[in-house]
Amino acid sequence: MGRILSIDYGRKRTGLAVTDSLQIIAGGLATVATLSLFEYLKSYVEREQVELVVMGEPCQTNGRPSENMARVKAFAQRWAKAFPQIPLVFYDERFTSVLAHKAMLEGGLKKQARQNKALVDEISATIILQDYMNSRKFKR
């Protein structure tokens with residue numbers, strides 16, 4: 001069984017999370033500069049077996065696509081061409097940044113650590129992945 005990789009795509013930085021090989025739990029992987037994201041992921045899938053990519057779908061609170069959606073779609077198309085054997089699905093990412101900040105606060109992180117945008121992006125990717133995994137359990 002391969003891992004599931006999650007992407008919280010941003011204009012400057014992108015948070016990444018991944019499951020263990022048994023797909024039981026999601027954990028943060030890294031935050032990468034978006035300009036080097038594709039090369040980072042290419043290297044990662046050469047080392048690890050990835051069976052699915054879950055990409056955060058950026059929507060506004062009213063359900064309409066956010067301004068980042070065009071960049072997300074462009075990345076997804078590039079992914080599909082380069083890795084047709086690894087499907088990519090979209091999953092609603094609304095409120096993940098808010099949830100990430102809440103998790104950091106509840107986890108006792110100091111104010112300076114909570115202001116680390118890279119950490120917020122990685123936690124957001126983890127939340128997207130865990131929510132996706134939970135939704136699959138309910139569908140079964």
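- Looking only at distances, a side-chain donor or acceptor of Trp79 sits under 3.5 Å from a matching main-chain atom of Ile86.
- Looking only at distances, no side-chain donor or acceptor of Gln23 sits under 3.5 Å from a matching main-chain atom of Met1.
- Annotation: cation-pi geometry not satisfied between Lys42 and Phe83 (NZ/CZ under 6.0 angstrom from ring centroid, within 45° of ring axis).
- In the hydrophobic clustering of this structure, Leu16 does not group with Ile128; members are Ile, Leu, Val, Met, Phe, Trp, Tyr whose side-chain heavy atoms approach within less than 4.5 Å, directly or through other members.
- Summarising the geometry of Tyr9 relative to Arg71, their closest heavy-atom pair is CE2-CB, 3.8 Å, with the distance given to 0.1 Å.
- The line from CD1 of Ile123 to CD of Gln130 is 13.5 Å long, rounded to the nearest 0.5 Å.
- Nearest approach of Ser124 to Asp8, heavy atoms of both residues: CB-OD2, 3.1 Å.
- We find the CG-CG distance between Leu5 and Leu52 to be 9.0 Å, quoted to the nearest 0.5 Å.
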Pair Tyr132, Val89 - check side chain to side chain contact (heavy atoms under 4.5 Å, CB included), show working. CA-CA 10 Å; Tyr132 174 80; Val89 298; 4.0 Å; yes
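- In this structure, the side chain of Thr19 does not engage the main chain of Arg3 through any donor-acceptor pair within 3.5 Å.
- Summarising the geometry of Glu51 relative to Pro87, their closest heavy-atom pair is O-CD, 3.3 Å, with the distance given to 0.1 Å.
- Within the 4.5 Å cutoff, the side chain of Arg78 has heavy atoms near those of the Phe38 side chain.
- Not a single donor-acceptor pair under 3.5 Å links the side chain of Asp121 to the backbone N or O of Thr31.
- A distance of 9.0 Å separates CG of Leu129 from CG of Asp131, quoted to the nearest 0.5 Å.
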Show the numbers, then the answer: is there a side chain to side chain contact (heavy atoms under 4.5 Å, CB included) between Ile4 and Val18? CA-CA 6 Å; Ile4 302 174; Val18 68; over 6 Å; no
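- Using modelled atom types, no side-chain atom of Arg13 and backbone atom of Val32 make a donor-acceptor pair closer than 3.5 Å.
- Follow the hydrophobic side-chain contacts under 4.5 Å out from Phe90 and you reach Val50 in the same cluster.
- Across all non-hydrogen atoms, the minimal contact from Ala125 to Ser6 is O-OG, 2.9 Å.
- A distance of 5.5 Å separates CG of Asp20 from CG of Leu22, quoted to the nearest 0.5 Å.
- The main-chain N or O of Gly10 is found under 3.5 Å from a side-chain atom of Thr34 such that the two form a donor-acceptor pair.
- With hydrophobic clusters built from ILVMFWY side chains whose heavy atoms lie under 4.5 angstrom apart, Leu37 does not share a cluster with Val54.
- Here the closest heavy-atom approach between residue Ile25 and residue Met133 is recorded as N-CE, 3.8 Å.
- Taken from CG in Leu29 to CD in Glu48, the straight-line distance is 9.0 Å, to the nearest 0.5 Å.
- When every heavy atom of Thr126 is checked against every heavy atom of Ala26, the shortest pair comes out as CG2-O, 3.9 Å.
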